[in-house]
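Below is one structure, written out as structure tokens, with a few remarks after it.
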There are 2 protein chains.
Amino acid sequence: MGKKSKAEKKAKNGKKKEEFTAEPHEQELASLLVQAARSMRTVLSRNLVESGLYAGQDGVMLALAETDGLTAGALAAKLGVKAPTMTRTIGRMEAQGFLERRPDEDDARLTKVYLTAPGRDRLQTIAEAGQHSEKLATRGLTEKQVRTLMKLLRVVDSNLQAARAAD
Amino acid sequence: MGKKSKAEKKAKNGKKKEEFTAEPHEQELASLLVQAARSMRTVLSRNLVESGLYAGQDGVMLALAETDGLTAGALAAKLGVKAPTMTRTIGRMEAQGFLERRPDEDDARLTKVYLTAPGRDRLQTIAEAGQHSEKLATRGLTEKQVRTLMKLLRVVDSNLQAARAAD
DNA sequence: AGCGATGATTTAAACAGTTTAAAGAAGGTT
DNA sequence: AACCTTCTTTAAACTGTTTAAATCATCGCT
């Protein structure tokens, strides 16, 4: 790959600043978690793209699959994002035809969100994409380790959401 | 909170679509991981903002703290993003004065990235922000559980990066 | 009944993060 | 010298995210 030949000539640099070079650097949980999730998003996206969704939208679909007719605010809270974020996401997904907004009949301040028939058709694909990603991600782990990981992640997520809430 | 009073009148809706309402929904690893990371990003951002950084930039700083003078490509690979993403991130951080680009002396195709003095000054703050976020995130977990979590996350990340690479 | 407070949603504006595809620049090879 | 390869950057097009302000409906109180 024609790079080694140059690497050797590199001893003359003379700009070493090792007084600040950190030790092998104990990797932090924060970076690690964010990075693992970045990888997951990418892989998941690749598996979701065939259904016309992006990673991040699947959470909305799954939440509605469980409880159809959630309000925008409830969805935002459930996914841990702010209301305007959810408004935009819902808007995009509505434009794609996966869900629809209907005002609540009793309290017109509320907007409830429902899966459309085409949206419901995607649920299976979404579930499969998630499972496939999970399979790739957990290669070499035992089922018990996977359960442990999920349990720990749930604790971490719950802790962090609590910390966020304490604004 | 004046919402309960309305919730009761809601039995008449008549638009139930329970034929598709999923069971309590076994939460997937994929969603869980992505969501936990979203929370982490938010909390970490809050702790980083005082140093003028955004979550995601800290990874670049830490990588350079360990090995100053990495190439743009090496940074991208290390953080698991594509080259143009890294170009943009580096550009922003250079504009903020935390790092600088210098062409390699021997191979002008290579751009090496170095921490500036102000950048190096931030390292301590960044480390503290990470530690603080970690502390919040792991409340109620034993040290051993945290180590387990990190070990499992490393496996997952490594698996996923391998899967991504197999383009 | 009307009016002001409350609450939910949306708009607007401003960033960061990401990707793919294409263009540029420099090296190495024949 | 011409060509192919490698690394970086540009360009274009998205999604995700936030804060602050605007909109609008309901609720509670006088």
Side-chain angles (χ1 to χ4, degrees), chain A residues 1-6 9 34-35 37-39 41-46 48-49 52-60 70-77 79-96 101-113 164 167, chain B residues 1-6 9 34-35 37-39 41-46 48-49 52-60 70-77 79-96 101-113 164 167:
Chain A
M1 31 179 71
K3 196 156 66 176
K4 262 165 300 193
S5 45
K6 278 159 263 158
K9 316 186 214 161
V34 170
Q35 174 147 345
R38 177 158 43 216
S39 300
R41 283 182 74 90
T42 304
V43 168
L44 188 57
S45 279
R46 203 175 290 170
L48 277 176
V49 72
L53 285 167
Y54 300 84
Q57 301 187 336
D58 65 318
V60 178
L70 288 171
T71 64
L75 278 170
L79 299 189
V81 300
K82 290 292 195 302
T85 305
M86 190 47 63
T87 294
R88 287 185 67 156
T89 298
I90 291 171
R92 275 190 287 262
M93 294 176 72
E94 189 173 32
Q96 290 172 295
R101 269 183 266 228
R102 281 206 304 275
D104 184 88
E105 301 178 11
D106 298 311
D107 185 341
R109 291 173 306 181
L110 305 179
T111 298
K112 295 198 160 181
V113 182
R164 293 179 75 166
D167 218 357
Chain B
M1 32 180 71
K3 197 152 68 175
K4 261 165 303 195
S5 45
K6 280 157 259 159
K9 318 189 215 158
V34 169
Q35 174 148 343
R38 176 161 41 219
S39 301
R41 284 183 73 91
T42 303
V43 169
L44 187 57
S45 279
R46 204 174 289 170
L48 277 176
V49 71
L53 283 167
Y54 299 86
Q57 300 185 337
D58 64 317
V60 177
L70 288 171
T71 65
L75 278 169
L79 300 189
V81 299
K82 290 291 195 301
T85 304
M86 190 47 61
T87 294
R88 288 186 67 156
T89 298
I90 292 171
R92 276 189 286 261
M93 294 176 72
E94 189 173 30
Q96 291 173 292
R101 269 183 265 227
R102 280 205 304 273
D104 184 88
E105 300 178 10
D106 298 311
D107 186 343
R109 289 173 308 181
L110 304 180
T111 299
K112 295 197 160 182
V113 182
R164 292 178 76 167
D167 219 356

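Predicted model, so just to flag it, every value in this text is computed and none were measured. Note: hydrogens, waters and symmetry copies are ignored here, and every other heavy atom, side chains too, is used. Residue numbers start from 1 in every chain, and the chains themselves are labelled A, B, ... in the order their sequence lines are given, proteins ahead of strands.
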Give me the one residue out of B/Leu79, B/Val60, B/Val81 that meets side chain to side chain contact (heavy atoms under 4.5 Å, CB included) with B/Thr89.
->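 The option that passes is B/Val60.
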Which pair of non-hydrogen atoms, one from [X] and one from [Y], has the smallest distance, and what is that distance?
| X | Y | result |
| --- | --- | --- |
| A/Ala72 | A/Val113 | N-CG2, 4.4 Å |
| B/Ala74 | B/Leu70 | CB-CD2, 4.3 Å |
| B/Ser45 | B/Ala55 | OG-CB, 3.4 Å |

Roughly how far, to the nearest 0.5 Å, is OG1 of B/Thr87 from NZ of B/Lys82?
->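 So the NZ of B/Lys82 and the OG1 of B/Thr87 are separated by 13.0 Å.
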Nearest of [options] to any side-chain atom of [X]?
| X | options | value |
| --- | --- | --- |
| A/Arg109 | C/dG7, D/dT8, C/dT9 | C/dG7 |
| B/Val81 | D/dA20, D/dT8, C/dT19 | C/dT19 |
| A/Arg38 | C/dT18, C/dT10, C/dA25 | C/dT18 |
| B/Tyr54 | C/dA16, D/dT19, D/dT6 | C/dA16 |
| B/Asp107 | D/dT8, C/dA26, D/dT18 | C/dA26 |
| A/Thr85 | D/dT15, D/dT17, D/dT5 | D/dT17 |
| A/Thr87 | D/dA11, D/dT17, C/dT9 | C/dT9 |

For atom [atom1] of [X] and atom [atom2] of [N], their distance in whole Å:
| X | N | atom1 | atom2 | result |
| --- | --- | --- | --- | --- |
| B/Leu110 | D/dT9 | CG | P | 10 Å |
| A/Lys112 | D/dA25 | NZ | P | 18 Å |
| A/Leu75 | C/dT10 | CG | C1' | 15 Å |
| A/Met86 | D/dT17 | CE | P | 8 Å |
| A/Asp106 | D/dT26 | CG | C1' | 12 Å |
| A/Arg102 | C/dT9 | CZ | P | 15 Å |
| B/Leu70 | D/dT8 | CG | P | 11 Å |
| A/Asp104 | D/dC24 | CG | P | 19 Å |

If you pin A/Arg41 and A/Ala108 to their nearest nucleotides in DNA chain D, which one's is more 5'?
->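 Going by which nucleotide is closer to the 5' end, it is A/Arg41.
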Just jot down the side chain to side chain donor-acceptor pair (under 3.5 Å) partners of A/Glu94, sequence neighbours excluded, or say none.
->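 Applying side chain to side chain donor-acceptor pair (under 3.5 Å) to A/Glu94 gives A/Arg101.
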Looking at [X], I'd like to know whether one of its side-chain N or O atoms comes within less than 4.0 Å of OP1 or OP2 on [N].
| X | N | result |
| --- | --- | --- |
| B/Arg92 | C/dC15 | no |
| A/Arg101 | C/dT10 | yes |
| B/Arg88 | C/dA16 | no |

What does A/Ala83 touch in the nucleic acid at a heavy-atom separation under 4.0 angstrom: a base, only the sugar-phosphate, or nothing?
->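 Base contact.
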Along DNA chain C (nearest heavy atom to each residue), the more 5'-positioned of A/Thr42 and A/Thr111 |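 Result of the comparison: A/Thr111.
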